[in-house]
Amino acid sequence: MQLEARARAAISQALQELGMVCPEPLPVERTRPEFGDISSRVAFVLARELGGSPQEVASKIAGALAGHPELAEAAAVGGFVNLRFAPHALHRLLKEILQAGEEYGRRDLGRGRSLQVEFVSSNPTGPLTVGHGRQAALGDVLANLFQALGWQVTREYYLNDEGRQIDLLAQSLWARYRQALGAETPLPEGGYQGDYLIPIGEELAEKWGDRYPSWDAGAKEAFRREAVGRMLRLIQEDLEAFGVSFDVWTREGDLHRRGLVRETFEALRERGAVYEREGAFWMRSKEHGLARDPVLIRSDGTPTYLMVDIAYHVDKFRRGFARVIDVQGADHAEEQQQVKLALRILGYPDDFLHYCVHQFVTLKGRAGVEKMSTRAGRFIRLGDLISELGRDVVRYFMVRRKPESHLTFDYELAKKTSMENPVYYVQYAHTRIASIFREAGESARRDALGVTEADLSFLTDPEELALIKELDRFPDVILQASEFSPHLLCEYLEGVAGLFHPYYSRVRILGQGEATLARLALLSGIQLVLRRGLSLLGVSAPEEM
RNA sequence: GCGCCCGUAGCUCAGGGGACAGAGCGCUGGCCUCCGGAGCCAGAGGUCGCAGGUUCAAAUCCUGCCGGGCGUACCA
C-alpha cells in the first residue's frame with residue numbers, strides 16, 4: 001500500500017513540475033515484474049484532456065521522474081508510466097512493517113463507529129450443518145476484518161424461537177417421546193425426521209414418564225421449551241468447537257413482547273405501504289419494482305417472518321448501529337429486497353443495511369448426502385466435519401471461495417496433511433520460520449525484531465524484494481477482503497507462502513554473516529503477516545506442526 | 001414464465017475496463033551431504049459458454065441466447 005502511496009506522491013510531484021493538472025484520483029496499480037513495480041495510466045487520462053498522444057504525455061512524465069531518489073527506473077511504454085523502486089525504498093517499507101508489529105494492517109477507517117454482523121441465525125430446529133459452517137466462518141471473518149479496520153463490532157445471532165417451525169419441532173420431539181414410551185405416535189406432517197430427536201425423546205420419557213399423553217397446550221409449552229433449549233445447546237456446542245462466539249443473542253419472542261412488531265407494522269401502514277386483502281395485510285412492493293407483494297400479517301392475525309424481520313431491523317437501527325451486515329444464504333434473496341424496501345419506506349438510510357449473500361456448499365468426497373435438508377433429517381453436522389478435519393481446515397476452506405460462488409468443499413483435499421492442502425501450506429511457512437528462529441536463538445530473534453540492528457541493504461535478491469513488496473500489500477488486502485471477499489485474504493496468504501517456500505529452499509538464512517540478520521528481519525516480517533492474516537481468518541499459526 | 005447468482009486450463013477456482021489470461025490439484029520431466037523434503041525446479045495444457053454492441057482498449061461494461069443453482073408460500 002505504501003508503494004502505491006509513494007508512486008502517487010512521485011507522479012503528482014512530477015506533474016506539478018510539468019505544470020500539468022493532477023487527476024483525482026491518480027490512477028496507480030501494481031503491475032507485472034517486466035514492467036516494474038507500479039504502473040500508471042495517468043497519461044491516458046491527461047491525453048484526453050490536454051490533447052496529444054498518451055505515449056507523448058507519458059514520456060514527459062517519465063522524464064520528469066528520472067532521478068527521483070526512490071526510483072530505480074521510470075519509463076513510458078505504450079502510454080503507461082512504469083515505475084521501479086530502488087531497493088533502499090523497499091528496505092524502508094520492511095522497516096516500517098516491523099516497527100508497526102502487531103498493529104501492522106490495522107486502520108481506523110471505521111473511526112470507532114459501531115457495526116453489527118448478524119450471522120448463522122439458524123433456527124433452533126436441529127444441529128448446525130456444513131451449510132451453516134460457511135456462514136459461521138464468513139460472518140466471523142468479516143467481523144474480524146472490520147474490527148481490524150477500526151469498527152466497533154457486535155456479533156449477533158438472531159434466534160427464531162417462535163412460530164410454526166418451532167411448533168413442528170416441539171411436536172416432533174413429543175412424538176419421539178411418545179415412541180420412547182412404546183406408543184406408535186407418528187411424526188407430524190412435515191415434521192423433523194432427523195435421528196437427533198430420538199435420544200432426547202428417550203431421555204424425556206424417563207424424566208417425565210407418562211405426564212404428556214396428548215398434544216395439548218401443556219405438552220406444547222413443555223416440549224417447545226425443552227426442544228428449543230436442547231437445540232440451542234447443540235448449536236452452541238458446534239459454534240464453540242468452530243471458535244465462533246457471539247456478543248448478543250436476540251430472541252424473536254423479545255421483539256414481540258416489546259411491541260416492536262406491532263409498532264413497525266403501524267408505521268408502515270401510516271405511510272400507505274400496506275393494504276388489506278382476503279383478511280391479510282400485504283406490503284405494496286410491486287409498485288416499487290419488486291416481483292410480488294408479500295404478506296405482513298396473516299389473516300389469523302399473526303405476523304409473518306418478513307414482518308418480524310423488518311421490525312428487527314428497525315430495532316437494530318434504534319440500538320445505534322451505524323451499519324449492519326447480515327450474512328445470509330442465497331435462498332433469502334427476495335426477502336432481502338423486501339426488508340430493504342420496507343426500511344426505505346420507513347425512512348432509514350440506504351447504506352445502513354448490507355447483505356452478504358452466499359451460495360450453498362456441496363461436500364465432495366465424503367460419504368453422506370448431497371442435497372441437505374434439516375427437516376428431512378438429511379444433513380451432515382458441522383460438528384462432525386470439525387472433529388474429522390479440525391477447526392482450522394474447515395474454517396479456511398469455508399472462506400476460500402468468494403461468497404457468491406457455489407462452494408465445492410473438497411473433502412479429500414481437506415483431509416490431506418501435506419502442503420497440497422492450502423491451509424497447511426500457509427501454516428507450514430509460519431512454522432518453518434519459527435523453526436529457523438529457534439535454531440538462530442533468542443538473541444538473533446530480538447536483533448531481527450529490533451530492526452535498527454539489521455542492515456537491510458543486504459536484501460538484494462529479487463525474491464527478497466518481491467517478498468517485501470508482497471508484505472506491503474497486506475493492509476490493502478484487508479480492506480478488499482472486508483468488501484465481502486474474505487477469499488482474497490486466503491489467496492494473498494497462499495501467495496506470500498508461495499514466495500517464501502521457494503526462497504527458503506534456495507537461500508540459506510543462518511550462518512551468512514551480516515546477511516543473516518537482514519534475512520531474519522525479512523522472515524520476521526513474513527511471519528508477522530502470516531500470523532496476523534491467519535488470525536483474521538480465525539486459523540491458528542503454529543510454532544510447530 | 002419472471003427475478004437474483006454463476007458459466008475462465010482435465011478438476012476446484014482467482015482476476016470483474018487496460019499491456020502476451022493466473023493459482024492450486026492432476027499430468028510430464030528433473031532435484032533429497034545443508035536452517036523442518038509435510039519440499040523445490042522446469043514443462044505441457046485455455047475460441048475466458050455463444051452471438052452482437054459500446055470503447056483507443058472487453059474475460060471484465062450493455063443487449064440477446066444457451067447451460068447450471070436459488071427463489072418465485074398467509075414456511076422460516
Side-chain angles (χ1 to χ4, degrees), chain A residues 27 29 31-32 34-35 39-41 44 47-48 53-54 77-80 82 121-123 125 158 160 162-166 168 190 252 277-282 289-292 294-309 329-337 357-360 362 364-365 374-375 397 400-410 412-413 416-422 424-425 427-429 431-440 485 487-488 490-492 494-495 498 501-512 516 519-520 523 544-545:
Chain A
E29 62 186 33
T31 189
R32 53 182 87 213
E34 312 92 88
F35 296 138
S39 156
S40 176
R41 52 187 178 80
F44 289 89
R48 192 171 308 162
S53 77
V77 182
F80 292 92
N82 294 333
S121 298
S122 155
N123 293 338
T125 54
Y158 176 61
N160 211 279
E162 308 228 335
R164 317 199 153 177
Q165 292 307 318
I166 296 300
L168 266 178
E252 179 183 349
R277 194 185 51 165
E278 294 164 9
F281 291 93
W282 307 67
L290 296 194
R292 66 184 193 95
V295 170
L296 295 176
I297 306 286
R298 300 186 187 95
S299 49
D300 68 2
T302 59
T304 59
Y305 175 86
L306 172 64
M307 183 61 241
V308 181
D309 203 19
D331 53 336
H332 285 69
E334 198 209 335
E335 158 94 8
Q336 294 157 7
Q337 298 296 319
V357 182
H358 66 87
Q359 292 290 336
F360 296 131
T362 311
K364 188 188 90 182
T374 303
R375 216 175 301 184
F397 272 61
R400 194 158 176 257
R401 299 284 175 241
K402 62 177 167 187
E404 63 269 33
S405 283
H406 199 97
L407 170 66
T408 304
F409 191 110
D410 188 341
E412 290 300 326
L413 180 61
K416 287 185 181 167
T417 54
S418 66
M419 285 211 236
E420 287 166 46
N421 185 330
Y424 294 119
Y425 190 72
Q427 287 183 320
Y428 188 47
T431 303
R432 266 186 159 166
I433 294 173
S435 166
I436 292 169
F437 277 115
R438 273 196 301 276
E439 187 74 21
S485 304
H487 65 288
L488 295 179
C490 297
E491 191 176 66
Y492 170 73
E494 286 167 42
H501 286 302
Y503 169 68
Y504 164 87
S505 63
R506 190 176 60 77
V507 175
R508 185 151 179 100
I509 310 297
L510 299 179
Q512 305 301 302
T516 287
R519 289 177 187 163
L520 285 174
L523 262 56
E544 293 175 37
M545 288 172 76

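Letters A, B, ... mirror the listed sequences (proteins, then strands); counts begin at 1.
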By side chain to side chain contact (heavy atoms under 4.5 Å, CB included) - contacts of A:Ser418 (at least two apart): A:Lys416, A:Glu420
For A:Tyr503, ring-ring contact (aromatic ring centres under 6.0 Å, His included) partners two or more places apart: none
Under 3.5 Å, which protein N or O atoms sit close to an N or O of nucleotides 55-63 of chain B? Give each pair with its distance.
| unit_1 | atom_1 | unit_2 | atom_2 | d |
| --- | --- | --- | --- | --- |
| B:C56 | N4 | A:Arg48 | NH2 | 2.9 |

Sugar-phosphate, base or nothing in reach of A:Leu488, heavy atoms under 4.0 Å: sugar-phosphate
Phosphate OP1/OP2 of B:G15 contacted by A:Lys402 side-chain N/O (<4.0 Å): yes
side-chain N/O A:Arg41 vs B:G17 OP1/OP2, d < 4.0 Å: no
Distance between C1' atoms of B:G53 and B:G15 (Å, rounded): 24 Å
Nucleotide pairing, RNA chain B (Watson-Crick or G-U, distances under 3.5 Å), in dot-bracket with [ ] and |: (((((((..((((....[...)))).(((((.......))))).....(((((..]....))))))))))))....
Presence of A:His487 side-chain N/O under 4.0 Å of B:G15 phosphate oxygens OP1/OP2: yes
Distance-only donor-acceptor test, A:Thr304 side-chain atoms vs B:C74 base atoms, 3.5 Å: no
Phosphate contact (B:C40 OP1 or OP2) by A:Tyr425 side-chain N/O below 4.0 Å: yes
A:Glu494/A:Arg400 salt bridge by N-O under 4.0 Å criterion: yes
Counterpart residues, side chain to side chain contact (heavy atoms under 4.5 Å, CB included), relative to A:Glu334 (two or more places apart): A:Arg292, A:Gln338
Footprint string (nucleotides 19-24 of chain B, 5' to 3'): B base within contact, S backbone only, - free, heavy atoms under 4.0 Å: BB-S--
Salt-bridge criterion met for A:Arg401 and A:Asp410 (N-O under 4.0 Å): no
Geometric class of the A:His501/A:Tyr425 ring pair [parallel <30°, tilted 30-60°, perpendicular >60°]: tilted
